[in-house]
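Here the structure is a predicted model, which is why all the values come from computation and not from measurement.
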Amino acid sequence: MAIVVNLDVMMAKRKMSLGELSQRVGVTMANLSILKNNKAKAVRFSTLAAICEALDCQPGDILEYVSSEED
């Protein structure tokens with residue numbers, strides 16, 4: 001996998017539950033769970049922006065590139 005989603009790390013740092021983030025962002029818990037568990041194939045910039053606003057972070061705090069060799 002080339003892109004790793006560290007949403008769970010940022011949520012833990014902010015002490016925010018999936019349910020609370022879901023309410024703040026306006027995205028279902030199921031869709032956030034897919035993103036959190038690295039199962040998502042894509043993410044809309046508007047969703048990423050809303051997550052960053054809710055968690056007070058930058059996109060680079062959530063998304064990380066990992067080379068194939070590190071997989």
Checking Leu48 against Leu63 for the side chain to side chain contact (heavy atoms under 4.5 Å, CB included) test, could you report, in this order, the C-alpha distance in whole Å, the side-chain angles of both residues, the deciding distance, and whether it holds?
CA-CA 10 Å; Leu48 184 58; Leu63 302 176; 4.0 Å; yes
My understanding is that only residues two or more places apart in sequence, or in another chain, count here; which of them pass side-chain hydrogen bond (donor to acceptor under 3.5 Å, both in side chains) with Asn37?
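Per chain and number, Asn37 pairs via side-chain hydrogen bond (donor to acceptor under 3.5 Å, both in side chains) with Ser33.
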How would you list, by chain and number, every residue that makes a side-chain hydrogen bond (donor to acceptor under 3.5 Å, both in side chains) with Gln23, sequence neighbours excluded?
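Counting only residues at least two positions away or on another chain, Gln23 forms no side-chain hydrogen bond (donor to acceptor under 3.5 Å, both in side chains).
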Nearest 0.5 Å, what's the [atom1]-[atom2] distance between [X] and [Y]?
X	Y	atom1	atom2	result
Asp8	Lys13	CG	NZ	11.0 Å
Leu7	Met10	CG	CE	9.0 Å
Ile51	Arg44	CD1	CZ	12.5 Å

Contacts of type side-chain contact (heavy atoms from CB on, under 4.5 Å), residue Ala50, not counting sequence neighbours:
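Partners of Ala50 by the side-chain contact (heavy atoms from CB on, under 4.5 Å) criterion, ordered by chain and then number, come out as Val25.
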With sequence neighbours left out, the residues meeting side-chain contact (heavy atoms from CB on, under 4.5 Å) with Ser22 are Met29, Leu32
Which atom of Met11 lies closest to which atom of Leu18, heavy atoms considered
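Taking every non-hydrogen atom into account, CE-N, 3.4 Å.
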Minimum-distance pair of heavy atoms, taken over all atoms of Cys52 and Pro59
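Closest pair (atom of Cys52, atom of Pro59, distance): SG-N, 3.5 Å.
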Transitively linked via ILVMFWY side-chain contacts under 4.5 Å: Phe45 with Ile62?
no
In terms of hydrophobic clustering (I, L, V, M, F, W, Y; side-chain heavy atoms under 4.5 Å; direct or indirect links), are Val9 and Ile3 co-clustered?
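Different clusters.
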Looking at residues at least two apart in the chain, or sitting in another chain, which of them share a salt bridge (Lys or Arg N to Asp or Glu O under 4.0 Å) with Arg14?
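With neighbours one apart ignored, the set is empty.
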Hey, could you give me each pair passing side-chain hydrogen bond (donor to acceptor under 3.5 Å, both in side chains) that has a residue in residues 53-62? Not counting sequence neighbours.
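Listed once each, the pairs would be none.
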